[in-house]
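Numbering of ligands and ligand atoms starts at 1, following listing order.
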Amino acid sequence: MSQLERRKIKEITTPAGILPHSSVSISGAELLHELAGYLKPEDVSQLQSAYLFSQEAHSGQYRESGEPYISHPLAVTSILGRMHLDTQTLTAALLHDVMEDTHVSKSEISDQFGKSVADLVDGVSKLDKIEFQTHADAQAENFRKMLLAMARDVRVVLIKLADRLHNMRTLDARSPEKRKRTARETMEIYAPIANRLGLNNFYQELQELSFQYLFPTRYKVLTKATKAVRGNRREVLKKILDGIRQCLHEAEINAEVNGREKQLYSIYKKMVEKHLTFSEIFDIYGFRVVVKDIPSCYVALGALHSLYNPIPGKFKDYIAIPKENGYQSLHSTLLGPYGMPIEMQIRTDEMHRIAEAGVASHWLYKSSDSDLNSNLNDMHLRTHQWLQGLLETLSDSNDSVEFLEHLKVDLFPGEVYVCTPQGKILALPRDSTAVDFAYAVHTDIGNCCVAVKINGENASLRTKLRSGDRVEIITSPHAEPNPAWLTYVLTGKARSHIRHFLKTMQSEESAEFGRRLLNQALLSFNVNPDTLNAAQWQKLARESGAKSKKELLKDMGLGKHLPAVVAKRLAKPEKTASRKSKTSDAISILGTEGLVVQFAKCCHPIPGDHIVGLIKKNHGLLIHIHDCPSIVKNRKNMNSWLDLTWSQDIARLFEANIKMVVANQRGVLARVAASIAEDDSNIDNISMVGDGAHNTLDFTLQVSNRQHLAQLMRGLRQIREVTRITRVKG
Ligand code: MN
């Protein structure tokens, strides 16, 4: 084998990257020498004093590996130095553990190295205190802190990621139990954050190291297997690489072509997801073509598609539509010799830099090239917007677990690309619905949307969008967000806007409902609410800990105070004794109270059913059918159940579930649907399971009351194939 061939194959087998090599530790002198390569002398001397300060502070401390502790901050700083981060960040990196592990205070750091450095160190120390636990709530809380730190200064997170990377590289020294925990945390939290910030090198290495410690055996087996394959396929790979270079040369494209071995973790993930064995995975190699400008990307793509056939459905144009984290490239998979799939990435020089370094390219590639700078600034701005968006969600959501769910959607984006009627393309997380789309276009569109046309056809607002859909939102000026949307919207933006709207609405609705509850309660004490004067209301509010009459009513509507208790305070003592529970005391339900009155999903009460209600703190009233199985066990606590009646003038429709067994015959579903439509009902949902001869259908129908439902069921019984039909209550 010639020297040149040897070199090419080496390119194939060593992953390239800007991160310094792992296990080698670096001395203070070596680090300063490295940094002198791109920093001004006065910066280097500040770093030297930070190094000495840190060494002094950590003296006598050792890592679990036995090395002096200072080796860790040195390594962390070296990682960040390779990314050309600024002097403040590097200084903070050298000092990042001193507040935590030694007695140095923030003000000492501030005096010596300036406030910015002290803030960075403080930020990292706060993140360090975060102990990620398995308990979802605690984890979510920690995530929030991480985000707050990130939104304030992304450099804190860069230091934290470098810190984590070095800890992962030296994880061997820790106990097996610690290794697993740290690795899981890295896989679930730090690697996705690195990915979201576009720090590809961090992302890949963190993921690979986590995989190694989470699944040591699988990691070992895969390492061996890829090594063996590497030997077998050497000739083929060389042939492909030569072929690509030759082909691009003939097309007169100046390109740098590199082969790379895919990460073991991504191979492993593919095996798991597609249920493949290792020998069934061929595309463990990818090739990357880097050219000078965007037109050359497409010319190169054309040339390569004529060299090997592209595999249909595998082409992705991330140049036209960049990923959320700013990543741009053309992706295509070609069918190489012996049926071997070859993954191609084609990008420009500049895209390549951003693909490797993400937000860090801001520091790494500061240049006089104004085009590049404006692109870098653009990415910086987008990252900032993303963080701001997350923060909005965060301040709006009280429920940490729920927040974590949103964040995961944002951090693990499988994206769909859809377009507006004007042809503008929007990227949304996978499984986004038409409502998410509406909010992505504009908050006002979201708040007023009533219907949607997808590819020209009417569709439900809850429809999950697919790439390529053309989505047209139909709005109405008086429309309002529907609480039910919260059950299916996916994006943080849609969710936080719906919540915000509902919260404002809810306080009006709660006050109105609270007023009705209190009136009922007062009547049972023979107090006429209209006779109360302002002073009495004021006193009543104060005694209940509310600021005003309205707040008191709202609190009652939300179940914070029991109306009977409040009413009792107003009732004259002698009247209290005569209190009797009469049926006329029952509160009547209209069904239009809004969020403060909810109908239980287990039994789906409809007008005509005998109903009872449970006041849930902060959530208002939850209504069940009186014999719903889910409340029977709660019966002991009868005091908290309210007797309810239905109001006379109910205008809305309610959901009811029915179950039907039908003979499996052609057209039966159509006859069932026709009968339902004939009786003026809508089908909300159908599911069907069958054993061949018979099918069981579960319907959710919209009905106005029990009579309506009975009429519907009578109609359905007329159908010959229907053998059984029942209403499902719980
Ligand atoms: Mn550290």
Legend entry - N/O/S from His166 sitting under 2.8 Å away from the Mn ion (ligand 1): no

Legend entry - N, O or S of Asp97 under 2.8 Å from the Mn ion (ligand 1):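 So Asp97 does bind the Mn ion (ligand 1) by this criterion.
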
Inset, instruction - Measuring from the Mn ion (ligand 1), name the closest N, O or S atom belonging to Asp163. - result: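 It is OD1, the N, O or S atom of Asp163 closest to the Mn ion (ligand 1).
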
Legend entry - Presence of salt bridge, Glu343 and Lys314, under 4.0 angstrom: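 Result for this pair is no, no salt bridge flagged.
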
Inset, instruction - With sequence neighbours excluded, tell me which residues meet salt bridge (Lys or Arg N to Asp or Glu O under 4.0 Å) with Lys269. - result: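 Salt bridge (Lys or Arg N to Asp or Glu O under 4.0 Å) check on Lys269 returns nothing, list empty.
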
Inset, instruction - Assign the ring pair Tyr327 / His331 to parallel, tilted or perpendicular, where the plane angle (0 to 90°) is split at 30° and 60°. - result: perpendicular

Would you list the atom pairs, donor with acceptor, under 3.5 Å between side chains in residues 39-47 and any protein atom, with sequence neighbours excluded?
| from | atom 1 | to | atom 2 | distance (Å) |
| --- | --- | --- | --- | --- |
| Asp43 | OD2 | Thr87 | OG1 | 3.4 |
| Ser45 | OG | Glu42 | O | 3.0 |
| Gln46 | NE2 | Thr91 | OG1 | 3.1 |

